[in-house]
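These notes are about the structure you will find just below.
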Amino acid sequence: MSGGAALVWLLLGVPLLGGATLAVAGRAVDRVAPAIGVAVAAAALVLGCVVAFTRPAGSAPLLVGISAGASVDGLSALMVVTVTAVTLAVLVSSVAEFAGTANPARFYGLMLIFAGAMLLTVTATTLVLLLMGWEVMGATSYALIGYWWHEPHRVTAANTAFLTTRAADLGLYVAAGAALAGGVGDLRLADLPGASSPWLHVVTAGVVLAALGKSAQLPFSFWLSRAMEGPSAVSALLHSASMVAAGAYLLLRTHPLLTASGWGEPTVAGVGATTALVLGLVAVAQTDLKQLLAASTCAQIGFMVLAAGAGAVAGGMMQLIAHAAVKSLLFLAAGAWLNALGTKALPALRGAARSYRVVGVTFTVGVVALAGLPPASLWLTKDELLAGVLQRSPALYAVGLAAAVVSAAYSIKAAWYVWRPLSPDAADGYDTERKGTRRVAPVVLAPLVVAAVFAAALGVLAVPAIAQPMKRALGAAAEPSSTWPELAVSAALAVGASGLTWWWGDHRAPLPAPVQTVFTGWLGLERAAHLLLVRPTFALAGALAAFDDQVLDRAVRDIAGSGTALARAASRVDGQGLDQVVTGLAAGARRLGRAARRPQTGQLHTYYAQAAAAFALLALVFVFVR
Amino acid sequence: MSLQLFLLLSAGLFSIGVYGALSQQSIVMIMMGLELMLNGVTLGAGAFWHYVAPGSSSGQVIVVVVVVAMAVEMAMGFAVTTAIFRARDVDMVDMAADLSR
Amino acid sequence: MFWVLALLAAGGGFLVFRFDSMARATIALLVSFVATGGLLVVLGLGYLGVVVILMMIMEMIIMAVFMVAYMMNPAGLMPMAMYHNKPASLTISITTFVLLGGGIFLVRWPHRDSAPPADPTLQLGMALMGPQMLTMMTLGFALFATIVATVVLATHRGRYDRFGDDLLHRPAADPVPGGVGR
Amino acid sequence: MNERLGPLVPEIVLAAGSVVGLLSGSWLPRRRQWVVRLITAAACLAALAATGIAAAQAPTVDFGTSYVIDVATNTVRVTVLAATLLVVCLSIDAVAGHPRESEFYVLLQLAALGTIALAGANDLLLLFAAYLLASIPGYALAGFFKDALGTEAALKYYLMGALLGVAMLTGITLLYGVGRSTSYTVLRTALASAPHGVAAVGVVAVLAGLLFKAGGVPAHFWVPDVTDGTSTPVAAFVTTVPKIGGLAALLRLLTDAVPTNAVNWPLLVAILAAASMTLGNLAAFFQTSVKRLLAYSTVSQVGYLLMAVAVATRSGLGITSLLFYLLAYAATNLGAFAVVAELPQARSLSDYRGLARTHPGLAAVLVVCLLGLVGTPPTGVFLGKLEVFTATIDGGYGWLAAVAVANTVASLFYYLRWLGPLFLSQQTDSAAEPLQTTGGWPAIGAYTAGAASLTLGIAGGAVLPLLHGPLS
Amino acid sequence: MLSAIVFLPALAALGLLAVPVRSPRAAFLWTWICVSAVDLVLVVGAWIGYHPQDGFGWAENIPWIPTAGVGYHVGVDGLSLPLVGLTAGLFLAVAVYSLRETRQVKSYVCLFLVLQTVCLGLFVALDLILFFVFFDLSIVGMFFVIAGWGHGERSRAAATQFFLYTFIGSLALLLGFIGLSLAATPHTFDMVTLARTQPLAGRGAYAGLVLLAVALGLAVKTPTVPFHTWLPPAHTEAPATGSAILAGVLLKMGTYGFVRIAMPMLPGTWRRYATVFVVVGVVSVIYGALVALAQTNFKRMIAYTSVNHMGYILLAVGAAGILAGTNGQARALAVTGAVTQMVSHGLLTGALFLLSGVLYDRGHTYEMSSYSGLAARTPVFAGATALAAFGSLGLPGLSGFIAEFQIFTGSLPSATLGTAVAILGILLTAALFLLALQRLFLGPLRFPDAPGTPALFSDLRASEVASVVPLLALAVVIGIAPRFLLEVIEPAAGTLVRLVSR
């Protein structure tokens with residue numbers, strides 16, 4: 001194994017093993033866990049930066065003709081750095097939230113495994129390895145969302161998240177099989193487009209399904225809303241650089257496949273655009289900060305998916321990175337407030353920015369970026385990818401712009417609340433979630449500031465001087481870049497929308513109540529899923545179980561009736577009842593048994609008669625049978 | 001006077017014996033029935049010897065064996081009857097029906 | 001001659017189960033047997049015929065004595081009818097007879113292979129001394145077994161009752177004094 | 001002529017043993033009759049040794065054509081003698097000091113002798129003589145203790161035997177009438193051309209007697225009543241030893257004397273087999289008396305044995321499988337009876353509750369023997385069943401094999417009913433402890449039989465080759 | 001070597017029989033542990049000494065019943081060696097777990113030692129009759145385990161049902177074996193010979209009947225729907241150790257029979273009816289998962305998941321029989337996956353059943369509704385169970401994923417629709433395990449304080465940890481670095497696939 005290979009395995013091994021160790025060690029290491037966690041994350045970041053330049057690749061045989069390959073190329077290099085960086089930031093900031101609470105070792109361990117799984121996903125070159133990272137990520141997300149497992153509703157949320165994403169993951173299993181059938185023996189991601197039809201389409205469908213599910217695109221979005229039950233730090237990581245991002249990443253990575261399939265690109269683009277718009281509206285309708293951010297995540301990821309569908313790989317990638325910074329920033333801020341004030345309801349957060357200045361400012365930076373207001377990062381990156389879209393289809397471009405407007409709306413809405421003057425009775429709204437500490441630990445501020453800087457500055461990615469080499473690295477040199485008119489248009493729209501929103505304040509939207517509720521309720525997707533899938537499944541399960549007990553088992557026992565009759569007889573022996581065991585033919589067997597013993601009358605003459613008759617009959621028969 | 005006639009007669013004796021063996025209650029009477037059946041057999045054997053296989057001595061030997069069998073069965077019968085009569089004072093098979101099912 | 005004997009044999013046999021007294025039944029059976037013996041003589045088996053007749057006379061006498069000794073009706077002369085499931089027995093026996101009879105007349109019996117030997121008795125003797133010797137030996141042991149068996153079953157007083165457990169007690173403790181040993 | 005006594009040494013030894021036993025018995029003090037026991041055992045062992053020597057010789061025919069010494073005869077000799085020894089072992093505690101103890105052993109020997117003669121007989125008349133010799137001691141043994149039930153058992157045993165004996169004689173006469181002889185060797189050729197109706201009736205009638213010995217349907221009526229009524233050692237004897245001779249005789253008669261084109265006896269035997277196993281199993285289902293249960297199980301075992309007879313001429317494996325099954329069956333069945341004999345007070349299945357705790361050894365033997373009777377490896381009967389099933393399918397009686405499988409499953413039900421309680425804890429309230437053991441001789445017999453049953457299963461490979469060979 | 005491995009436990013049992021019952025429990029239990037440990041060491045030795053390329057290793061072939069064509073023929077190859085290892089390991093784990101057993105320890109230990117011999121013997125047997133002997137003895141042994149050490153009187157009924165049901169199956173199997181041997185000339189029960197000479201090649205109907213008989217017998221033991229109904233009661237009534245062995249080893253006898261007997265000896269027939277097996281497999285997968293989803297009794301639920309997991313194996317072996325539109329790689333993957341699944345299921349379900357035993361030991365009930373939030377009181381217990389559960393639902397990094405991924409990937413090309421449906425199974429298992437974990441361990445703390453249950457619901461004890469953790473550790477190792485296992489399985493699987501496709 002070459003040094004390079006060693007390096008890539010090391011990159012994966014450090015967080016995974018470190019995390020596993022922490023998680024297994026459990027309470028024993030609670031006190032040092034935060035330190036270790038941060039240290040490991042830092043090491044991972046360093047490794048990440050190193051591999052980003054050395055671009056190592058490793059491969060090991062795994063199954064018959066299938067190897068586990070991992071390498072760092074342009075795309076994954078960016079991801080690796082982003083992931084490790086965000087992880088470090090989040091872990092640092094979460095020290096405040098978790099030091100001292102119910103065993104932090106578990107938390108940091110799981111977070112590290114989570115990050116490691118994400119790294120595995122982004123570096124994997126074969127489907128099997130990707131799937132491994134992919135699934136582990138899902139499982140750890142379950143454990144993290146359900147971190148406060150004493151409260152059942154959080155656990156249910158975790159179940160929902162895991163089951164929804166896994167349902168989508170099945171697509172990858174199918175894709176793997178189909179790829180094999182299609183002649184891609186090694187299941188290399190790069191070779192997937194070469195799969196023979198019709199398997200090619202199966203592969204595409206599987207991959208797309210999995211990606212959409214993971215990145216909470218329509219119609220899977222609801223799980224992300226439930227995922228808010230988890231700690232803020234978890235949300236920060238989950239929404240920014242990993243999990244949801246993974247879906248977008250997978251689509252960007254397998255873009256050639258989408259192209260090869262023909263129908264893949266438009267579908268993906270369509271779903272992305274729709275999600276960007278609709279979930280944006282959902283975000284607008286939210287009155288809970290974290291719910292708002294969650295919906296906005298779906299919407300922003302929608303842009304990336306749109307980019308993947310439109311072939312704007314570079315743009316999508318920029319958006320992903322910038323958004324990672326922004327979203328982690330916002331969630332950290334929200335987490336800080338939640339920690340301090342014990343609430344995440346927007347009305348209750350009025351004036352929060354005033355009472356916690358640093359948080360407020362950094363939050364605002366994030367919001368501005370999210371709104372797509374110049375000169376912050378997302379303004380540029382979004383336009384970069386929209387440029388690619390425009391080239392494909394003006395219609396989608398229009399939808400994209402609309403979505404941009406909406407994003408401005410919900411972002412500013414959040415900002416408007418937190419900058420309201422602090423009302424005297426503000427404290428009444430606090431401590432709805434938990435007992436707030438009324439202070440923001442300084443350790444949190446550092447990552448906030450750093451994230452804010454990145455959130456503001458990452459727009460430079462779109463600056464041609466940087467964008468061109470990056471595009472080359474991504475092998476997407478041909479992709480168009482945004483032009484000044486486009487930038488101007490989007491800026492104008494963003495500013496306008498922002499102004500409007502600020503002026504509108506918290507007046508209720510001029511929409512009929514039902515529409516409102518649809519959007520506040522995340523389009524009722526979860527209820528739909530329950531009605532259409534979960535309930536029927538459980539009903540069927542129950543029915544089958546009953547069938548198994550009452551019909552199948554009984555039928556079998558009836559066939560073996562006398563066997564269970566024996567069970568009764570045996571039970572009679574020791575006076576214990578086995579009545580439930582005894583069924584149908586038991587009686588039949590008993591009857592047979594009795595019939596068989598009826599000849600044994602004890603009367604000799606009947607023996608004589610029977611024997612004589614029987615032998616006479618036999619003789620008669622065999623006189624004629626020969 | 002032919003084989004068939006002899007056989008018919010022995011069949012008759014045999015059947016009467018069957019009837020006796022099946023219908024009688026007293027052990028001794030049952031034994032009589034059996035003896036009667038054997039009687040028929042004797043006759044049959046003799047007839048077969050005379051009309052079918054005078055060359056083979058087996059026919060005669062059968063008769064001897066039958067006679068011995070009669071004696072043996074008779075003796076055993078009396079012995080068993082005595083035993084059960086002593087044990088439970090019955091000589092009727094119907095009264096010896098404790099063992100059943 | 002055949003017809004007379006046949007009539008006697010069948011009639012005797014038939015009467016065995018018609019008489020209501022065991023003694024009479026015994027006599028009827030005896031008649032039937034004697035007739036059979038006669039028929040054997042008719043068939044040229046004089047020796048065997050005589051043997052049968054003698055044997056049966058002995059047996060029937062024993063049987064009569066036995067009944068007088070044991071049966072519940074002294075002298076076995078008291079009227080009695082002890083039947084069970086008569087109809088079934090009748091059906092079975094009659095069916096048997098019909099089937100056998102039918103068979104007897106339907107079957108094409110083999111023809112006689114050779115003339116009867118000049119002296120059947122000699123033939124019998126040769127057989128018993130030759131190929132059938134083992135049969136006779138076995139029958140001998142069967143008789144031996146019968147003796148032992150009947151003694152075991154029928155006599156309730158054995159040697160240990162008469163001479164004590166160590167067989168040293170003299171004279172024998174017999175319910176009725178006398179017999180050998182004095 | 002060839003009246004050689006040389007090949008008959010085992011039989012002669014046994015006969016001599018019985019005579020000597022009786023004579024010496026009548027001069028022995030009551031408490032010293034164990035000498036007779038020794039004489040019996042010695043006779044059996046000597047006979048076994050003689051058989052061992054005889055087995056080395058080639059098959060021979062003796063006394064004209066009336067007696068055959070071949071693999072079947074020798075196997076039956078060994079089985080019967082060994083079984084008799086085991087029964088002697090079982091009965092020691094029961095008859096020791098009984099005023100008729102000597103006679104008991106004498107009768108055992110005579111019955112064994114008759115059984116062996118059954119197997120060797122190659123002439124219908126000798127067959128009947130052997131039948132008498134094998135039956136009569138049995139009647140006496142059944143009623144040996146002269147208690148109410150015992151005598152009733154003797155009565156039923158005797159009357160069934162008498163009737164079916166008469167039937168057998170009738171059959172012999174008929175076969176003679178159409179075959180002009182009673183010697184198998186002659187009959188084989190003669191019956192081929194004989195009126196088959198008479199032949200069929202004759203064969204069925206002779207079968208009646210042999211089925212009585214084997215205790216198969218429809219001549220099985222005596223089996224449950226006798227087994228239940230008489231003492232356990234005798235029950236063990238009459239359900240094991242006569243079967244061996246009866247089936248061997250059946251095999252020889254049908255294969256040697258009756259050509260299948262005269263009478264379709266394979267089908268006849270197949271039907272009898274199916275009837276026996278089915279009836280026996282069904283009747284055993286809800287038995288609570290262990291002895292009756294064992295009795296019915298022996299009836300069903302006859303069914304499996306008859307399977308082998310049915311295909312004796314259609315499959316090369318038939319004869320061997322039958323002989324091996326007989327061997328294994330004798331050991332296993334005696335083992336089960338030995339356990340019953342060791343626990344005289346335990347009459348019903350429930351009495352065996354907790355046996356595994358109180359007498360693990362006996363429980364183990366019981367498990368081995370009962371599961372053995374089911375046909376669970378690695379017992380001898382499993383191997384026997386394997387051979388028999390193979391032979392049956394090979395012989396083209398697939399349906400019979402299927403019936404047998406179904407019956408095997410069915411039989412499992414009642415054997416498990418017996419085994420189940422073994423492993424429960426005993427009821428504390430059981431005032432009268434039913435699991436009192438007798439002197440311990442039966443236990444020795446049980447261990448021997450159980451071991452033999454296992455050995456036959458594991459070392460069957462060594463035994464089977466000895467059972468190959470033509471019937472002459 | 002193999003004979004030593006196989007019969008060492010039985011000999012030990014014989015030795016223990018001589019030891020008086022009164023002697024201390026520990027004496028028996030520790031002897032058992034030592035014997036199992038030695039046996040495991042021997043197995044590891046055999047593993048190291050086995051070279052995957054050279055077919056059957058450590059073969060011994062001694063004529064046993066030559067006249068019947070039966071021989072004592074044992075040997076291991078890539079299909080059996082993993083299962084032998086699994087058996088040895090699982091029995092050791094069970095032995096350690098049993099350290100706290102108190103009921104009739106002597107017979108308990110002897111019984112399990114004999115059972116170990118039986119299970120090992122079955123997997124190394126290369127003669128049909130030898131196979132059958134062990135097959136039947138396993139039934140007998142398990143019957144006594146359930147009847148003697150189960151939970152109360154109901155266990156006898158369950159044991160009886162188990163015995164009768166599987167015994168019927170075994171008889172069908174026997175008929176099938178006889179059919180096989182009769183077709184060969186000279187009659188032989190030797191697996192290797194039969195697989196080489198293919199006596200039934202081209203015997204259409206007859207071969208079909210034989211396959212039917214064999215498949216029936218194996219399907220009952222496996223068990224597949226609809227022959228599974230003996231499984232839940234047997235498991236619920238059996239002691240934890242019994243369940244662990246029953247699910248971990250005995251069920252494999254059925255699936256192992258498919259790859260060892262049905263496929264190589266009746267390849268043509270297998271190909272003809274492959275679809276049937278696929279269908280049965282898929283039905284078992286979905287049915288088992290759904291019924292398990294509806295269970296409220298923890299142990300019953302695990303029992304039904306066994307039906308589901310065995311279904312995957314049947315799907316794989318069935319798919320391996322369909323040649324159309326597939327390549328050797330896919331079929332090899334399927335078979336390899338099937339064998340891997342046997343091992344994986346043995347480890348994980350074995351662990352799960354042992355853990356369910358812990359639950360019963362503490363709370364005296366398997367009803368999940370009587371528990372809640374146990375994680376607060378028993379973190380280790382919760383963690384171990386969660387790990388086993390996630391492994392069982394196919395989480396990467398644990399053995400389950402390696403097995404199921406291979407099965408799906410290998411089966412999909414040939415049995416596309418069936419596999420697509422079967423994949424839903426892993427979603428269902430995920431759902432039911434998450435629900436179970438939530439009910440038992442998460443939420444507010446609650447556990448039954450029935451009389452007899454310890455007031456303090458204690459966490460895993462040393463012996464329990466020592467028995468469960470190694471199993472899970474092995475599952476993780478297989479999940480992360482499966483090569484050491486697959487390198488043994490793959491050659492044999494390849495051979496089998498070639499045999500079936502020829």
Side-chain angles (χ1 to χ4, degrees), chain A residues 24 26-27 60-66 128 131-136 139 142 146 149-152 155-156 158-159 162-163 166-167 170 173-174 176-181 183 185 187 199 537-538 540-542 544-546 548 552-553 555-557 560 563-564 566-567 570-571 574 576 578 581, chain E residues 153-154 156-157 160-161 164-165 168 226-227 229-230 287 290-291 293-295 325-327 329-330 332-333 336 373 375-376 379 383 390 394-397 401-402 405-406 408-413 416 419-420 423-424 426-428 430-431 434-435 438 441-444 482-483 486 490 493-494:
Chain A
V24 171
R27 299 194 171 155
L62 186 65
L63 308 173
V64 182
I66 298 174
V128 54
L131 183 51
M132 291 176 85
W134 193 263
E135 287 265 59
V136 172
Y142 157 82
W149 50 262
H150 294 278
E151 299 155 56
V155 179
T156 326
N159 292 353
F162 183 49
L163 291 179
R166 190 165 211 212
L170 300 187
Y173 284 92
V174 176
L180 189 70
L187 303 184
W199 297 111
T537 315
F538 273 88
L540 178 59
L544 280 180
D548 197 65
L552 199 47
D553 196 15
V556 171
R557 285 184 185 147
T564 52
L566 140 69
S571 74
D574 35 72
Q576 286 286 342
L578 293 171
V581 179
Chain E
E153 299 286 359
R154 299 192 67 261
R156 293 247 322 292
T160 310
Q161 193 187 0
L164 295 174
Y165 208 148
I168 296 172
F227 306 112
T229 47
W230 59 267
Y287 186 90
L290 279 174
V291 177
L293 189 58
Q295 298 304 317
T326 154
N327 49 9
Q329 187 198 357
L333 264 178
T336 317
F390 273 98
L395 181 70
F401 172 80
I402 297 295
F405 183 83
Q406 294 187 81
F408 293 143
T409 323
S411 309
L412 194 109
T416 313
T419 316
I423 290 182
L424 289 176
I426 66 173
L427 185 60
L428 290 171
L434 291 190
L435 277 179
Q438 180 177 7
F441 297 109
L442 310 180
R483 284 317 301 171
L486 298 184
E490 275 159 9

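Values in this document were obtained by computation on a predicted structure and should not be read as measured data. Labels below follow one simple rule: chain letters A, B, ... track the order of the sequence lines, proteins then strands, and each chain is numbered from 1.
With a 4.5 angstrom heavy-atom cutoff, E:Pro482 touches chain A only via side-chain atoms. The contact between E:Ile426 and chain A is made by backbone and side chain atoms together, counting heavy-atom distances below 4.5 Å. For A:Ala178, the parts lying under 4.5 angstrom from a heavy atom of chain E are both the backbone and the side chain. With a 4.5 Å cut-off on non-hydrogen atoms, E:Ala420 does not touch chain A at all.
Of all the listed residues (A:Thr156, A:Val24, A:Val128), the one sharing the greatest number of non-hydrogen pairs under 4.5 Å with chain E is A:Val128. Comparing E:Ala375, E:Ser411, E:Gly397, E:Ala332 by how many heavy-atom pairs each has under 4.5 Å with chain A, the most go to E:Ala375. Annotation: maximal heavy-atom pairing with chain E below 4.5 Å, among A:Leu187, A:Ile66, A:Leu544, A:Thr537, occurs at A:Leu544. The candidate from E:Gln438, E:Gln295, E:Gln406 with the greatest count of non-hydrogen atom pairs under 4.5 Å with chain A is E:Gln438. Options A:Val136, A:Leu62, A:Leu540 differ in how many heavy-atom pairs under 4.5 Å they form with chain E, and the most are formed by A:Leu62.
With rounding to the nearest 0.5 Å, the separation of CG in E:Leu333 from CG in A:Leu63 is 6.0 Å. The CG atom of A:Asn159 sits 5.0 Å away from the CG atom of E:Leu434 when rounded to the nearest 0.5 Å. Between A:Phe538 atom CZ and E:Leu435 atom CG the span is 4.5 Å, to the nearest 0.5 Å. Put simply, CG on E:Leu395 and CZ on A:Arg166 are 7.0 Å apart, with the number rounded to the nearest 0.5 Å.
Between A:Tyr173 and E:Thr419, every side-chain heavy-atom pair lies at or beyond the 4.5 Å cut-off. Taking 4.5 Å as the limit, every side-chain heavy atom of A:Val155 sits out of range of all side-chain heavy atoms of E:Phe441.
Across all their heavy atoms, E:Leu412 and A:Gly177 have their closest contact at CD2-C, 3.4 Å. Residues E:Ala376 and A:Trp149 approach most closely at N-CH2, 3.3 Å, considering heavy atoms. A:Ala541 and E:Leu290 make their closest contact through CB-O, 3.2 Å (heavy atoms, listed as atom of the first residue, atom of the second, distance). Here the closest heavy-atom approach between residue A:Gly185 and residue E:Gln329 is recorded as O-NE2, 3.2 Å.
Residues meeting the salt bridge (Lys or Arg N to Asp or Glu O under 4.0 Å) test with E:Arg483, sequence neighbours left out: E:Glu487, E:Glu490. Residues meeting the side chain to side chain contact (heavy atoms under 4.5 Å, CB included) test with A:Ala167, sequence neighbours left out: E:Leu427.
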